[in-house]
Amino acid sequence: MKELVLSLIRYRLVPSNSATKPVRVRFAPSPTGDLHVGNIRTALFDWAYARHTGGQFVFRIEDTDTERVTDEYIKAAQDTLKWLGLDWDEGPEVGGPYGPYLQSQRLDIYAEWAAKFLAQGDAYHCYCSSEELEARREAQKAANVAPGYDGKCRTISAEDLAKYKSEGRLPVLRMRMPDGSTTFNDSIRGDVTFDHNFVPDFVLVRGDGSPLYTLAVAVDDIMMKITHVLRGEDLLSSTPRQIRVYQAMGVAESDYPTFAHLPFVMGQDNAKLSKRNGEVSIAWYRDRGFLPEAICNYLALLGWSPGDDRENVTMKELTELFTVERVHSSPARFDMKKLEAINGDKIRELTLDELLKRTTPFLVKDGIISGTPEELAVVKSALPIIQERIATLAEVSQMLKFLFVVKFEVDAEELPKILDEQSQIVLKKTDEVLKGLASWDHDSIHVALKCALIEGLGLKPRIAFSAIRIAVTGSHISPPLFESLELLGRERSLERIAASIK
RNA sequence: GGCCCCGUCGUCUAGUGGCCUAGGACUCUGGCUUCUCAAGCCAGCUACGCGGGUUCGAAUCCCGUCGGGGCUACCA
């Protein structure tokens with residue numbers, strides 16, 4: 001009953017315009033490196049929200065920082081999203097009615113708005129050099145004043161202007177922040193207010209005429225009719241500037257997007273996860289055998305929860321359950337152990353064919369198999385006994401290596417364990433028993449060895465079978481022994497056992 | 001330094017004034033499962049940062065404090 005009431009209340013709280021305005025969410029990374037865990041979590045929430053509401057998911061590339069953004073990273077960002085299953089309705093490759101979706105291809109649009117802002121008096125040319133600005137910032141810091149542009153060029157005398165021009169200075173275009181303050185409602189944090197004393201006039205266009213993020217992000221969100229901006233918390237304090245651009249654009253307040261600033265994903269040491277802190281590249285996880293659905297499931301739980309005790313959610317369930325109301329405001333630490341646990345769970349949910357398809361590339365890459373149909377048939381028959389033993393796909397190589405290795409050798413550190421007297425007795429007996437075995441299947445092998453070693457020699461099972469395990473698989477960690485023997489086949493099994501007898 | 005955000009087990013979280021002697025998950029520890037390793041099952045450890053208030057009653061509301069983080073660029 002309580003739940004019903006709550007859901008009714010929540011329903012009422014949904015702004016009325018959401019019914020009339022189709023939801024449009026964007027993920028707009030600046031590909032200055034591989035997309036990392038934090039970016040992906042943002043992308044996932046953006047995607048989930050769009051799918052949940054039946055809205056559009058827009059993928060935009062913010063490549064205004066031409067010094068740092070590269071084509072490779074742009075391509076990699078697309079590949080990563082695709083690999084994770086985060087499909088976009090508008091953006092690179094697929095296009096859309098509000099394109100282009102690369103900011104580098106929208107320069108004329110920004111230039112137009114910049115000219116308008118200048119003409120309107122909302123923005124002004126600033127001729128201060130980097131060195132001058134730097135020096136003044138230092139002075140401000142020394143004087144314990146809030147550092148930031150001091151508004152020097154808001155008014156320039158004719159002679160100064162002439163002087164600057166004669167020096168060949170190229171002006172930046174700076175937005176004029178009026179007195180007062182900006183308050184906006186953040187869906188996750190509530191009302192947030194910034195006094196303009198702490199929001200200095202900011203640069204929209206560089207001296208070379210190229211636009212900055214501050215200009216492009218605001219223009220694009222409006223022109224692409226974005227209704228919801230879900231992004232990292234690091235952009236929270238840039239929101240007043242963005243709103244200032246909306247105002248200069250003449251956008252009605254009711255047409256501003258709704259902001260929701262997602263909490264950070266932190267590294268183990270409690271610092272913001274970044275390229276310098278932790279394994280953050282999604283490619284790294286992919287190469288280690290993490291499943292995209294496991295990564296998404298884990299990341300979904302960082303800063304969000306379905307509300308009940310459920311933790312294993314499919315992508316489809318995520319789109320059904322995801323709401324911004326349930327997103328946390330506090331940062332979350334990234335925990336590899338939990339990711340591994342979820343990855344293991346997801347591996348166990350895979351069908352045999354799916355598991356085969358996904359593990360094959362790892363086996364090939366590790367040189368365990370070359371990928372022939374015969375090899376794949378063996379892999380397929382072996383997968384059921386290791387499916388519940390692996391946490392990542394990459395582990396399959398170590399597990400199945402013994403079935404394919406051409407020149408078999410017991411691991412060096414394991415070898416001493418089967419050279420002792422008792423192990424040798426076990427191996428000799430095993431050799432004897434298995435040689436005469438009529439049917440080579442795990443049940444028959446099990447029964448025969450149990451009878452001979454456990455009952456016959458009175459050995460503890462773990463002692464007896466351990467020696468055989470090492471002799472045949474090369475390691476004391478392996479898939480179940482009798483199934484392993486069956487898969488290996490009579491000939492190779494006996495060969496290895498014989499070789500282990502000194 | 002200034003502005004802003006944040007603060008429940010080691011970690012992710014449930015919790016929106018009484019259902020909380022605070023629940024779940026991961027990790028860790030112990031046990032069971034008489035082939036290892038896993039998986040599974042059972043048990044255990046461990047949390048409302050601190051101090052005031054409001055209230056019959058506070059993890060939940062208010063104030064302060066401490067701590068963490070972000071921003072403070074012709075980066076995003």
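Naming: A, B, ... by sequence-line order, numbering from 1 per chain.
- Enclosure of atom CG in A/D308 by more than 12 non-hydrogen atoms of other residues, nucleotides or ligands within 6.0 angstrom is indicated.
- Rounded to whole Å, the separation between the C1' atoms of B/C61 and B/C48 comes to 15 Å.
- The base of B/G24 lies close enough to the side chain of A/E311 for a donor and an acceptor atom to sit less than 3.5 Å apart.
- The phosphate of B/C75 has OP1 or OP2 within less than 4.0 Å of a side-chain N or O from A/R206.
- For the OP1/OP2 pair of B/A14 and a distance below 4.0 Å, the side-chain nitrogens and oxygens of A/S305 include at least one atom meeting the criterion.
- In terms of position on RNA chain B, the residue among A/H446 and A/S130 whose nearest nucleotide sits closer to the 5' end is A/H446.
- OP1 or OP2 of B/A76 lies within a sub-4.0 Å distance of a side-chain N or O belonging to A/T64.
- Applying the 3.5 Å distance criterion, the base of B/C35 shares no donor-acceptor pair with the side chain of A/R462.
- When heavy atoms are screened at a 4.0 angstrom cut-off, A/E62 is found touching the sugar-phosphate backbone but no base atom.
- Nearest heavy atom pair, residue A/L212 against residue A/T64, reads C-OG1, 4.2 Å.
- Here B/A39 presents its P atom at 17 Å from CG of A/L350, a figure rounded to the nearest Å.
- Seen from the ring of A/F45, A/R41 counts as a face-on cation partner, given the 6.0 Å and 45° thresholds.
- At the heavy-atom level, A/L481 lies under 4.0 Å from base atoms of the strands shown.
- A/S478 comes within 4.0 angstrom of a nucleotide base, judged by non-hydrogen atoms across all strands.
- Looking at heavy-atom distances under 4.0 Å, A/V217 makes no contact with the nucleic acid at all.
- Using bins of under 30°, 30° to 60° and over 60° for the plane-to-plane angle, the ring pair A/H261/A/F259 lands in the parallel bin.
- Comparing the same atom, P, in B/C62 and in B/U55 gives a spacing of 16 Å after rounding to whole Å.
- A salt bridge links A/R348 with A/D345: at least one charged nitrogen is closer than 4.0 Å to a carboxylate oxygen.
- Of the candidates B/C35, B/G70, B/C74, the closest approach to any side-chain atom of A/V172 belongs to B/C74.
- Checked by distance alone, A/R389 brings a side-chain donor or acceptor within 3.5 Å of a matching partner on the base of B/U36.
- Map A/K338 and A/T193 each onto its nearest nucleotide of RNA chain B; the residue landing nearer the 5' end is A/T193.
- Phosphate proximity of B/A14 to A/H328: present, with a side-chain N or O under 4.0 Å from OP1 or OP2.
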